[in-house]
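Labels below follow one simple rule: chain letters A, B, ... track the order of the sequence lines, proteins then strands, and each chain is numbered from 1. Only a predicted model underlies this, so the values are computations on that prediction, with no experimental measurement involved.
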There are 2 protein chains.
Amino acid sequence: MTTPPSGLRERKKQATREALREAALRLAVERGPDQVRVEDIAAAAGVSPRTYNNYFASREQAIVSAVTADREARIAAAVAARPAGVRLADAVTEAVVAQYTNTGERAHKALLLITTQTALRDAFLDTTAGIEPPLTAVIAERLGDAGARTARVLAASVAAAVRIALEGWLRPPGNAEATEDFAAGGLVVPSGSLPDQLRTALAPLAPAFDAAEQRTQP
Amino acid sequence: MTTPPSGLRERKKQATREALREAALRLAVERGPDQVRVEDIAAAAGVSPRTYNNYFASREQAIVSAVTADREARIAAAVAARPAGVRLADAVTEAVVAQYTNTGERAHKALLLITTQTALRDAFLDTTAGIEPPLTAVIAERLGDAGARTARVLAASVAAAVRIALEGWLRPPGNAEATEDFAAGGLVVPSGSLPDQLRTALAPLAPAFDAAEQRTQP
DNA sequence: CAGTAAAAGTGCGTGCACGCAAGTTTGCGC
DNA sequence: GCGCAAACTTGCGTGCACGCACTTTTACTG
């Protein structure tokens, strides 16, 4: 499973993908993100522009993917690695927190770049949707076949919560964008650390996890 | 609040928006969805192509918006209309179900069209994200200022659940697309009625709503 | 009833995503 | 090895989204 079927073809594909990722990020950092055309990225990776588009559906995706990389696979593994004894809600929360906390130095620098542009910011937030399928799989494993639907909903909810946490985190606190239509009582906590944001956002979902879990193991 | 500030300017804008909506849907039905260019929609609505793009960010959005229209506003109203006595979870569930059930004849025909094309299907599913802000507002009202964050997460979870329900509903049952990586035990219920799908998808979130609600009214 | 500021509409130009139909490489069975 | 089939790459063409600068329309004020 970890080694799909075969070898040389797949290696080349991954190599190309990574070359594109790295080229996109490097160029975006060197010049501004606006000054990087698809043509440049493709050239830097040694492929045609058309091929570039076989790997990434948008310019933003390429840049962002250098940071997100294989986060999806690692999240699934992280959840599965937790012992079966702990609450499912805790297992998921900690797995998610771990994945978004252990960002390397390079990732942190890249995030600064991402914050500067709305399009990049959105692309980055969209990657949270990618954790949904693996999360669904691992949650479903815990809930049994009867809870497949529930697993899907919970996984999607987690992804949504993570997105909210990230949004709140990388929002420039001084940004006067307001909270759109209804600014509550102004009691919005500006932005704590990312782990805090994640835990806070995931906390409301814990009861749903508990209920689902108890239905299978009374 | 129901009458924003003033009148003539806003009326024209809405008129143009509706003209574009209707033109997009009509043309998409008459010819295939693929045979409709932005230029045509704009012409049919009596505006320039450039203006069309000031209203809709994609061709699919224009077509789909004819069906989704002002669903967002109605959902908020529907939740607010429920008496304060009922469980918040039930209020939200029923409000959502009602909104997606009372689709008229026209909407139903349009949905058939939407199903035929992946791009349209995706655009339609993306509109569920639009119910998040109003839902957040009305849920936050119930939970009080302390639960603003929680309201946001719950609203996003509801939107995600609705999306899943819709996905399962308008998926051609015979579609051998498989469930991607892990096909559970083959126990996937093909597709019940839409209200059933919605209730089933929202059910797992009820405990989270209950917990949030009880925290404010012990 | 101007005169002016703001907002919506428009033309133009640029870069991009993607379908299609080649050409090229890789993998596999004989 | 050999050739065939599937997978990957690439060039081309089309339609599209959107920034920018400019014109036209709407709203407000002296």
Enquirer: Check the side chains of Gln99(A) and Arg71(A) for a donor-acceptor pair under 3.5 angstrom, ignoring hydrogens and angles.
Expert: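 No.
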
Enquirer: Could you check which of dC16(D), dT10(D), dT10(C) has an atom nearest any side-chain atom of Thr51(A)?
Expert: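 From the listed options, dT10(D) comes nearest.
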
Enquirer: If only side-chain N and O atoms of Thr16(B) are considered, is one of them under 4.0 Å from the OP1 or OP2 phosphate oxygen of dA8(C)?
Expert: no

Enquirer: If you look at every strand shown and take non-hydrogen atoms under 4.0 Å, does Phe56(B) touch a base, only sugar-phosphate, or nothing?
Expert: nothing

Enquirer: Would you mind reading off the distance between Tyr55(B) atom OH and dA7(C) atom C1', rounded to a whole angstrom?
Expert: 10 Å

Enquirer: Nearest-Å distance, CZ (Arg59(A)) to P (dC16(C))?
Expert: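 Checked: the CZ to P distance equals 6 Å.
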
Enquirer: For the pair made of CD in Gln61(B) and P in dG15(D), what is the distance, rounded to whole Å?
Expert: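 So the CD-P distance, Gln61(B) to dG15(D), works out to 21 Å.
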
Enquirer: Nearest whole Å is fine: how far is dG19(D) P from Gln35(A) CD?
Expert: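 Value for this atom pair: 15 Å.
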
Enquirer: Rounding to a whole Å, what distance do you find between Lys13(B):NZ and dA27(D):P?
Expert: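 Between P of dA27(D) and NZ of Lys13(B): 13 Å.
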
Enquirer: Which is it for Glu105(A) and Lys109(A) under the salt bridge (charged side-chain N to carboxylate O under 4.0 Å, His left out) test, yes or no, and what are the steps along the way?
Expert: CA-CA 6 Å; Glu105(A) 171 67 16; Lys109(A) 278 183 77 171; 5.9 Å; no

Enquirer: It should be established whether Lys12(B) places a side-chain nitrogen or oxygen under 4.0 Å from OP1 or OP2 of nucleotide dT25(D).
Expert: no

Enquirer: Run the salt bridge (Lys or Arg N to Asp or Glu O under 4.0 Å) test against Arg31(B) and tell me which residues pass, sequence neighbours left out.
Expert: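 Only Asp40(B) meet the salt bridge (Lys or Arg N to Asp or Glu O under 4.0 Å) criterion with Arg31(B).
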
Enquirer: Between Arg50(B) (CZ) and dG19(D) (P), how many Å, whole number?
Expert: 7 Å

Enquirer: I need the CG-C1' distance between Asn53(A) and dG15(C), as an integer number of Å.
Expert: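 So the CG-C1' distance, Asn53(A) to dG15(C), works out to 11 Å.
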
Enquirer: Looking at Arg17(A) and Glu22(A), does any basic side-chain N land under 4.0 Å from a carboxylate oxygen?
Expert: no

Enquirer: Just checking Arg37(A): base, sugar-phosphate only, or nothing, at a heavy-atom cut-off of under 4.0 Å?
Expert: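 Sugar-phosphate only.
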
Enquirer: Could you pull out the closest heavy-atom pair between Leu20(B) and Ala42(B), with the gap in Å?
Expert: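 Where Leu20(B) meets Ala42(B) most closely, the heavy atoms are CD2-CA, 4.3 Å.
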
Enquirer: When the distance from CZ of Arg9(A) to P of dT26(C) is rounded to whole Å, what number comes out?
Expert: 8 Å

Enquirer: Is any side-chain N or O of Ser48(A) closer than 4.0 Å to OP1 or OP2 of dT9(D)?
Expert: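 Indeed not, no polar side-chain atom of Ser48(A) lies that close.
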
